[in-house]
Amino acid sequence: MTMTFVQTFAVGGFNASLKKVAGVIAPLALLGACAMPPEGTSTNDVANYIAAVESLGCDVGNEGDLQALEIQTGLSPMKLGEMAEYMIDSRQGVLLSNGGFRLKVGACAPEDEAATTTEAAAAS
């Protein structure tokens with residue numbers, strides 16, 4: 001499943017870059033329990049990524065979405081793919097069956113999770 005996302009979004013389907021990306025992503029998949037933001041990115045990059053995906057309606061599903069993310073975040077397609085992998089590994093996002101990505105935090109948190117978080121905060 002991860003390769004579908006990488007092929008579609010991180011390298012725009014270019015096979016030459018796919019092998020390079022696969023070499024980077026495969027080891028990251030094994031680190032799911034200790035997910036860390038992609039190397040060379042900051043907490044500000046993560047926040048900008050989340051805001052950019054929120055502005056797209058929480059789903060990244062086509063080349064146009066990827067281009068919008070590039071413009072809004074300043075991250076390369078490869079870093080955007082790594083950022084999506086980080087979000088998936090840290091359970092802040094999910095891979096969609098069409099090979100896209102859905103964010104599950106902030107404004108994109110599912111209704112039932114958002115309600116539970118609000119109720120827990122009110123109880124504190």
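Note that the structure is predicted; figures quoted are calculated from it, not measured.
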> Taking C-beta and beyond as the side chain, do T41 and Y49 meet within less than 4.5 Å on heavy atoms?
Replying inline: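 No, side chains not in contact.
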
>> Contact between M87 and V53 at the side-chain level, heavy atoms closer than 4.5 Å - yes or no?
In response: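 M87 vs V53: side chains apart.
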
Grab the two heavy atoms, one from [X] and one from [Y], that are nearest each other, plus how far apart they are.
{"X": "P38", "Y": "Y86", "answer": "CD-CB, 4.0 Å"}
{"X": "Q72", "Y": "L56", "answer": "NE2-CD2, 4.5 Å"}
{"X": "L75", "Y": "M83", "answer": "CD1-CE, 3.9 Å"}
{"X": "G100", "Y": "L95", "answer": "O-CD1, 3.2 Å"}

> Between CG of L80 and OG1 of T73, what distance do you get to the nearest 0.5 Å?
Replying inline: 4.5 Å

> How far does CG of D65 sit from OG of S55, to the nearest 0.5 angstrom?
Replying inline: 9.0 Å

> Counting distance only, does the side-chain N/O of D45 pair as donor-acceptor with the main-chain N or O of S42 below 3.5 Å?
Replying inline: yes

>> Can you pull out every salt bridge (charged side-chain N to carboxylate O under 4.0 Å, His left out) where at least one residue sits in residues 68-79? Sequence neighbours excluded, please.
In response: K79-E82

>> The criterion is side-chain hydrogen bond (donor to acceptor under 3.5 Å, both in side chains); which residues satisfy it with Q67, sequence neighbours excluded?
In response: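 With neighbours one apart ignored, the set is empty.
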
